[in-house]
Amino acid sequence: PTFFVGYCGESTLNKIALSELERCNVDTSLMIANENHDPAVALVEVNPINGERTVFYSLNNYQALEKEDIQPSWLDDIKLVLVDGYDIDGNIELLTLAKARNIPTVLDIETGERDKLMTMLALGSHCILPLEGAQFIAQTDNINECFDFLSTISSAQIIITDGANGSWADTPTGIFHQKAFETTVIDTTGCGDAFHGAYAYALMTGRDLPQRMQFASAYASIIAQYLGGRTFHPSEQQVNDFIHSQRVNHTNKVNGSNN
């Protein structure tokens, strides 16, 4: 099963969020009751021409997980932990516990306090950042310099994503580039989250790095074909079929070492 950790209040917004998690077969038994909490609320405006979106959001009454909320027993029999950069203090504790138990972790981090993001990177085992996030943390616009800096603070597998430009990973033989798949873009909402979730699944099913990046890229490309990030969840076979349909004209490459 997949568990979600967070607060849950009593308002209508909480009930909607809870029902959506359960609709997607997410186990909510670890959620913490907090009557003062409301989930983050977002209104998404989608450009009908290119599928790009503008997100208007509210964090009114949102309560972030704290270190003291995290229970070590939550990690019993857990195969992987995926965290984002929002509930940072709680997530740092989760990462610390996971690292002590050698549980693989996947990080989805974008913006926040730079020092705390760097702490998360140091604790994670698979760190996926958008290009802007990597540039913010590394304090440089050059992607090779981003990899150089990130490798000094983390031994994790570092991946940098940039939408339609694809994704890059630092490897012992150089920078591996996963091209973005061609797709009919309706709405890019949730594509980043889809990439992270699919990467985590690919990791758990034993795929190597290029296969993980390929699977995640393909999954995100399929999500972009639908309005709404949770409208359609492709099966593993549908993702594999999508990859196969584009394989003839879809090649990736490793550039020379950035060191």
Side-chain angles (χ1 to χ4, degrees), residues 2 4-6 8 11-26 28 38-62 64 82-88 91 106-112 117 126-136 159-168 178-202 212-236 238-239 242-243 246:
T2 299
F4 182 84
V5 177
C8 184
S11 69
T12 299
L13 289 174
N14 282 280
K15 293 177 181 177
I16 292 172
L18 195 64
S19 66
E20 276 294 287
L21 289 170
E22 293 172 346
R23 181 181 69 84
C24 296
N25 297 317
V26 175
T28 59
D38 274 328
V41 178
L43 175 66
V44 182
E45 180 183 70
V46 180
N47 186 324
I49 297 175
N50 58 17
E52 293 294 323
R53 79 271 192 250
T54 302
V55 181
F56 305 89
Y57 68 94
S58 169
L59 296 177
N60 288 343
N61 299 323
Y62 181 82
L82 190 157
V83 303
D84 61 26
Y86 291 95
D87 296 16
I88 290 183
N91 284 335
V106 175
L107 275 64
D108 167 12
I109 57 178
E110 299 182 35
T111 60
L117 294 179
H126 296 263
C127 303
I128 306 174
L129 308 87
L131 179 58
E132 295 84 356
Q135 292 168 334
F136 167 69
I159 297 174
I160 296 176
T161 63
D162 190 27
N165 294 318
S167 55
W168 295 263
Q178 167 66 51
K179 294 174 60 178
F181 286 89
E182 295 183 4
T183 191
T184 302
V185 177
I186 301 299
D187 179 10
T188 58
T189 302
C191 287
D193 294 322
F195 186 100
H196 294 91
Y199 180 94
Y201 176 81
R212 295 194 296 266
M213 294 176 67
Q214 182 185 63
F215 187 85
S217 178
Y219 193 101
S221 295
I222 295 172
I223 294 298
Q225 297 175 2
Y226 297 85
L227 186 65
R230 300 188 304 277
T231 301
F232 178 68
H233 301 288
S235 67
E236 181 174 4
Q238 287 171 317
V239 177
F242 180 82
I243 292 171
Q246 298 202 25

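Both backbone and side-chain heavy atoms feed into the values below; hydrogens, waters and symmetry mates do not. Just so you know, these numbers come straight off a predicted model, no measurement behind them.
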* Near F232 CZ, under 6.0 Å, is it more than 12 heavy atoms from other residues, nucleotides or ligands? ->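 Yes, the 6.0 Å shell around CZ holds more than 12 heavy atoms from other groups.
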* **Listed partners of V239 passing side-chain contact (heavy atoms from CB on, under 4.5 Å), at least two apart** =>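 Counting only residues at least two positions away or on another chain, V239 forms a side-chain contact (heavy atoms from CB on, under 4.5 Å) with F215, A218, Y219, I222, P234, I243.
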Does [X] reach the side chain of [Y], with side-chain heavy atoms less than 4.5 Å apart?
X	Y	value
D38	N60	no
C8	L18	yes
F181	Q214	yes

* Answer with yes or no whether the side chains of Y62 and D87 bring together a donor and an acceptor at under 3.5 Å. =>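 On atom types as modelled, these side chains qualify, holding a pair under 3.5 Å.
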Mind checking the [atom1]-[atom2] spacing from [X] to [Y]? Nearest 0.5 Å is all I need.
X	Y	atom1	atom2	result
F56	L43	CZ	CG	7.0 Å
L21	R230	CG	CZ	8.0 Å
L129	D108	CG	CG	9.0 Å
Y199	I159	OH	CD1	4.0 Å
E52	T189	CD	OG1	9.5 Å
N165	K179	CG	NZ	12.0 Å

* Test applied, side-chain hydrogen bond (donor to acceptor under 3.5 Å, both in side chains); reference residue, Q225; option that passes from T183, D187, T184 ->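 Of the listed options, the one satisfying the test is T183.
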Looking only at non-hydrogen atoms, find the nearest pair between [X] and [Y] and report the distance.
X	Y	result
A198	A216	CB-CA, 3.7 Å
A164	A180	O-CB, 3.3 Å
I223	A194	CG1-CB, 3.7 Å
C24	H233	SG-NE2, 3.8 Å
V46	I186	CG1-O, 3.4 Å
P130	I160	C-CG2, 4.3 Å

Short side-chain to backbone donor-acceptor contact, [X] and [Y], under 3.5 Å:
X	Y	answer
S217	M213	no
S235	Q238	yes
N91	Y86	no

* Asked: Listed by chain and number, what are the salt bridge (charged side-chain N to carboxylate O under 4.0 Å, His left out) partners of R53, not counting sequence neighbours?
  ->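 Applying salt bridge (charged side-chain N to carboxylate O under 4.0 Å, His left out) to R53 gives none.
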* side chain to side chain donor-acceptor pair (under 3.5 Å) with E132: which residues, sequence neighbours excluded? ->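 Counting only residues at least two positions away or on another chain, E132 forms no side chain to side chain donor-acceptor pair (under 3.5 Å).
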